[in-house]
**Student:** 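Take this structure, written in structure tokens, and hold onto it; I'll ask about it next.
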Amino acid sequence: MLNRFLKSQRLLKSDEFQAVRGTSLTVSNTNLLILAKKNELSNARLGLAISKRNVKLAVQRNEIKRVARESFRQQVGLPNLDVVLMARPGVISLTKNELRQCIDELWQQLAKRAQRCYSS
RNA sequence: CAAGUUGGCCAAACAGUCGCUGAGGUAUAACAACCUUGGAGGAAAGUCCGGGCUCCAACGGGCAGAGCACCAGGUAACACCUGGGCGGUGUGAGCCGACGGAAAGUGCCACAGAAAAUAUACCGCCAAUUAACUUCGGUUGAUCGGUAAGGGUGAAAAGGUGCGGUAAGAGCGCACCGCGUUGUUGGUAACAAUAACGGCACGGAAAACCCUGCUCGGAGCAAGACCAAAUAGGACCUCGUUAAUUCGUGGCCCACGAUGAGGUCGGGUAGGUCGCUCGAGGGUGUUAGUGAUAACACUCCCAGAUGAAUGACUGUUCACGACAGAACCCGGCUUAUCGGCCAACUUGGAUC
């Protein structure tokens, strides 16, 4: 069951995105930025914000979203967070495999940060 | 065989596992789950034209503004397509073309050049008169005329070539070509061919303004229609007539109304549903047409998401995979694009 990706695991409303955007729990590198906020559910939820300004072509935006979703789907250890993944201009230069690796690493960082932040 | 032209088609293939999403089914109070079956493009792109659809406006007409501009046909429509004409270009198949009007008017043509549209006379050429010189043939200068052949300038120099003609020249005359006018013939037409006449009058630029003809109401699916919390406010009905030095009508009391509670209604925000994909639709065939296309018959249902699906992994094969992602729907145009296949045709070479 863990490696599915249902609607309950996504952010669907504009309000939910706004709520996450106001938080301070972030993880990032030169290509991507992840914002997160604790929710009251039993699982994590993912929202994608790939702007047209940073990634110009629709095909590239779609590809980033697919890689991100696939990566998120296969994560097991994430706590109950609302997560928004944003793209920075550098992502275009990455290949698909590099991008995947990059996102996987960010999830691990996020899990650690979250544990430290919310356990105290 | 090589090089090329035009038109059409494809856009790595197959298998397995996992995942997303539309529809149908099983099942259920409902969700979840399971099964079956669909799930990006030739440009989905740029948003440059043309339509459908929706709402708004509207008696009709004109002006303004914008667009279009050889002819005929096709189409729902077009700035598109087909066929034809004309011009340009290529050995050729072919390709390219803001292709109405400059004799309606106003204006423009830099620099150079004598002169840039009323033609003109710088050099040159020629005649006459005259002066000087003379080897008596003439030469040089001046004056006054003729000339547009030659020179030089320019993107462009006022028809071209040849012969005649002449003092030198000149459409001055003639022939051919070009141009114009009027006919005739062919063609639906654009236009072409041809005859007679004219005798060159009519330079370029319409992408300077402009004139002529034709077309055009506006906004867009965030169109528009429906359902509809919470909160604030509104209308109506019912209940309560009290907790009150409350407020209004009133001189005061009574009374009535407001302030209260509940309900109903209307508008309408968040949110949701519809619009939404069966269509100027695809496939096959026949007929008409040079063709674009049309008619008829049979047949098929082929994305519909909404924080927004069409993907990931593994294996095998090959030529090792370009440009690129639907968002109301069609018809075009333009731009991007690794490579492959088919048909017709052209040029060159080889062989028989």
Side-chain angles (χ1 to χ4, degrees):
Chain A
M1 277 314 191
L2 279 166
N3 54 359
R4 295 196 52 131
F5 186 57
L6 302 169
K7 272 195 176 169
S8 60
Q9 291 167 268
R10 292 182 233 162
L11 295 181
L12 298 170
K13 299 284 169 62
S14 185
D15 294 349
E16 296 166 349
F17 273 80
Q18 289 304 322
V20 175
R21 203 156 281 183
T23 58
S24 58
L25 179 57
T26 63
V27 178
S28 69
N29 60 24
T30 51
N31 301 316
L32 297 164
L33 169 70
I34 292 180
L35 305 173
K37 181 180 188 265
K38 198 167 186 176
N39 65 28
E40 305 303 318
L41 305 169
S42 59
N43 55 15
R45 293 192 299 177
L46 175 68
L48 297 165
I50 317 295
S51 74
K52 225 174 192 176
R53 200 188 311 157
N54 291 340
V55 186
K56 216 178 158 194
L57 290 177
V59 169
Q60 292 175 343
R61 286 198 298 278
N62 277 343
E63 196 174 279
I64 291 164
K65 287 187 204 167
R66 280 169 187 153
V67 171
R69 275 195 215 99
E70 189 64 21
S71 172
F72 181 84
R73 184 167 77 83
Q74 292 175 0
Q75 292 305 309
V76 185
L78 282 177
N80 53 332
L81 294 167
D82 282 350
V83 173
V84 173
L85 184 139
M86 298 174 80
R88 287 176 165 174
V91 253
I92 312 164
S93 59
L94 295 178
T95 64
K96 219 184 245 189
N97 288 333
E98 287 170 348
L99 182 65
R100 177 62 190 269
Q101 213 172 5
C102 178
I103 295 174
D104 284 348
E105 281 166 14
L106 283 175
W107 292 138
Q108 289 173 13
Q109 284 180 36
L110 179 66
K112 281 185 206 158
R113 287 281 299 276
Q115 206 172 17
R116 213 181 310 146
C117 198
Y118 290 116
S119 60
S120 55

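Order of the sequence lines sets the chain letters (A, B, ...), proteins ahead of strands, with each chain counted from 1. All of these numbers come straight from a predicted model, not from anything done at the bench.
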**Student:** With a 3.5 Å limit on both atom pairs, tell me what rG137(B) is paired to, counting Watson-Crick and G-U wobble, or say none.
**Tutor:** none
**Student:** Counting only side-chain N and O atoms of R69(A), is one of them less than 4.0 Å from OP1 or OP2 of rA308(B)?
**Tutor:** yes
**Student:** Nearest to the E70(A) side chain among rG307(B), rA312(B), rA308(B), which nucleotide is it?
**Tutor:** rA312(B)
**Student:** Just wondering, do N80(A) and K38(A) contact through their side chains at under 4.5 Å, heavy atoms?
**Tutor:** yes
**Student:** Roughly how far apart, to the nearest Å, are rC56(B) and rG268(B) at atom P?
**Tutor:** 14 Å
**Student:** Taking the nucleotide of RNA chain B with the closest heavy atom to each, which residue, N62(A) or A49(A), is nearer the 5' end?
**Tutor:** A49(A)
**Student:** So do R69(A) and K65(A) actually touch side chain to side chain, heavy atoms under 4.5 Å?
**Tutor:** yes
**Student:** If you pin V67(A) and Q60(A) to their nearest nucleotides in RNA chain B, which one's is more 5'?
**Tutor:** V67(A)
**Student:** Please give the distance between the C1' atoms of rC80(B) and rA219(B) as a whole number of Å.
**Tutor:** 26 Å
**Student:** How many whole angstroms separate atom CG of L57(A) from atom P of rC323(B)?
**Tutor:** 10 Å
**Student:** Output, in order, the C-alpha distance, side-chain angles, deciding distance and verdict of side chain to side chain donor-acceptor pair (under 3.5 Å) for Q101(A) and E105(A).
**Tutor:** CA-CA 6 Å; Q101(A) 213 172 5; E105(A) 281 166 14; 4.8 Å; no
**Student:** Find the distance F72(A):CZ to rG19(B):C1' and express it as a whole number of Å.
**Tutor:** 14 Å
**Student:** With both distances under 3.5 Å as the test, what is the Watson-Crick or G-U wobble partner of rC265(B)?
**Tutor:** rG234(B)
**Student:** Closest approach of N54(A) and A87(A), non-hydrogen atoms and distance?
**Tutor:** ND2-O, 2.9 Å
**Student:** Answer yes or no: is there a side-chain heavy-atom contact under 4.5 Å between W107(A) and I34(A)?
**Tutor:** yes
**Student:** Pick one for rG285(B): is it syn, with its angle within 90° of 0, or anti?
**Tutor:** anti
**Student:** Check whether any side-chain nitrogen or oxygen of K65(A) sits under 4.0 Å from OP1 or OP2 of rG307(B), and answer yes or no.
**Tutor:** no
**Student:** Could you give the CE-to-P distance, from M86(A) to rG307(B), as a whole number of Å?
**Tutor:** 18 Å
**Student:** Take atom C1' in rA270(B) and the same atom in rC227(B), then report the distance between them in whole Å.
**Tutor:** 14 Å
**Student:** Starting at atom CD of E63(A), determine the distance to atom P of rC323(B), rounded to an integer number of angstrom.
**Tutor:** 12 Å
**Student:** Can rA40(B) be described as syn, meaning its chi torsion is within 90° of 0, or is it anti?
**Tutor:** syn
**Student:** Under 3.5 Å for both donor-acceptor distances, Watson-Crick or wobble: does rG152(B) have a partner, and if so which one?
**Tutor:** none
**Student:** Syn versus anti for rU277(B), judged by chi lying within 90° of 0?
**Tutor:** syn
**Student:** Roughly, in whole Å, what's the span from NZ in K56(A) to C1' in rG46(B)?
**Tutor:** 11 Å
**Student:** Rounding to the closest angstrom, what is the interatomic distance between rG42(B) and rC330(B) at atom P?
**Tutor:** 11 Å
**Student:** Hunt down the Watson-Crick or G-U wobble partner of rC313(B), both distances under 3.5 Å, from any strand shown, or write none.
**Tutor:** rG16(B)
**Student:** Please walk me through it: do N31(A) and I92(A) pass side chain to side chain contact (heavy atoms under 4.5 Å, CB included)?
**Tutor:** CA-CA 9 Å; N31(A) 301 316; I92(A) 312 164; over 6 Å; no
**Student:** Base, sugar-phosphate, or nothing for K96(A), non-hydrogen atoms under 4.0 angstrom?
**Tutor:** sugar-phosphate
**Student:** By the rule that syn is within 90° of 0, classify the base conformation of rC302(B) as syn or anti.
**Tutor:** syn
**Student:** With syn defined as a glycosidic torsion within 90 degrees of 0 and anti otherwise, which applies to rA312(B)?
**Tutor:** anti
**Student:** Measure from CZ on R61(A) to C1' on rA40(B) and round the result to the nearest Å.
**Tutor:** 15 Å
**Student:** Quickly work out the L11(A) CG to rG307(B) P distance and round it to whole Å.
**Tutor:** 11 Å
**Student:** If you check every side-chain atom of R10(A), which of rC20(B), rG307(B), rA324(B) has the closest atom?
**Tutor:** rC20(B)
**Student:** Give me the distance, rounded to whole Å, that separates rC48(B) from rC302(B) when you measure between the C1' atoms they each carry.
**Tutor:** 30 Å
**Student:** Check R61(A) against S51(A) and note the closest heavy-atom contact, atom names and distance.
**Tutor:** CD-O, 4.3 Å
**Student:** Across all strands, who's sitting opposite rA110(B) as a Watson-Crick or G-U wobble pair, both distances under 3.5 Å?
**Tutor:** none
**Student:** For rU334(B), which nucleotide in any strand shown is its Watson-Crick or wobble partner with both distances under 3.5 Å?
**Tutor:** rA45(B)
**Student:** So what's rU26(B) paired with, Watson-Crick or G-U wobble, going by both distances under 3.5 Å?
**Tutor:** rA33(B)
**Student:** With distance as the sole criterion, do the side chain of R66(A) and the base of rG325(B) form a donor-acceptor contact below 3.5 Å?
**Tutor:** yes
**Student:** Nearest whole angstrom, please: distance from the P of rG311(B) to the CD of Q74(A).
**Tutor:** 16 Å
**Student:** Taking the side chain of N97(A) as heavy atoms from C-beta outward, which of rC313(B), rG325(B), rG307(B) is closest to it?
**Tutor:** rC313(B)
**Student:** What's the gap between rC35(B) and rG16(B) when it is taken at their P atoms, as a whole Å value?
**Tutor:** 15 Å
**Student:** Using the P atom as the reference point in each nucleotide, state the distance between rC197(B) and rG101(B) in Å, no decimals.
**Tutor:** 30 Å
**Student:** Both distances below 3.5 Å, Watson-Crick or wobble geometry, any strand: find the nucleotide opposite rG260(B).
**Tutor:** rC239(B)
**Student:** Any non-hydrogen side-chain atom of L11(A) less than 4.5 Å from a side-chain atom of L48(A)?
**Tutor:** no
**Student:** In whole angstrom, give me the gap between the C1' atoms of rG67(B) and rU184(B).
**Tutor:** 42 Å
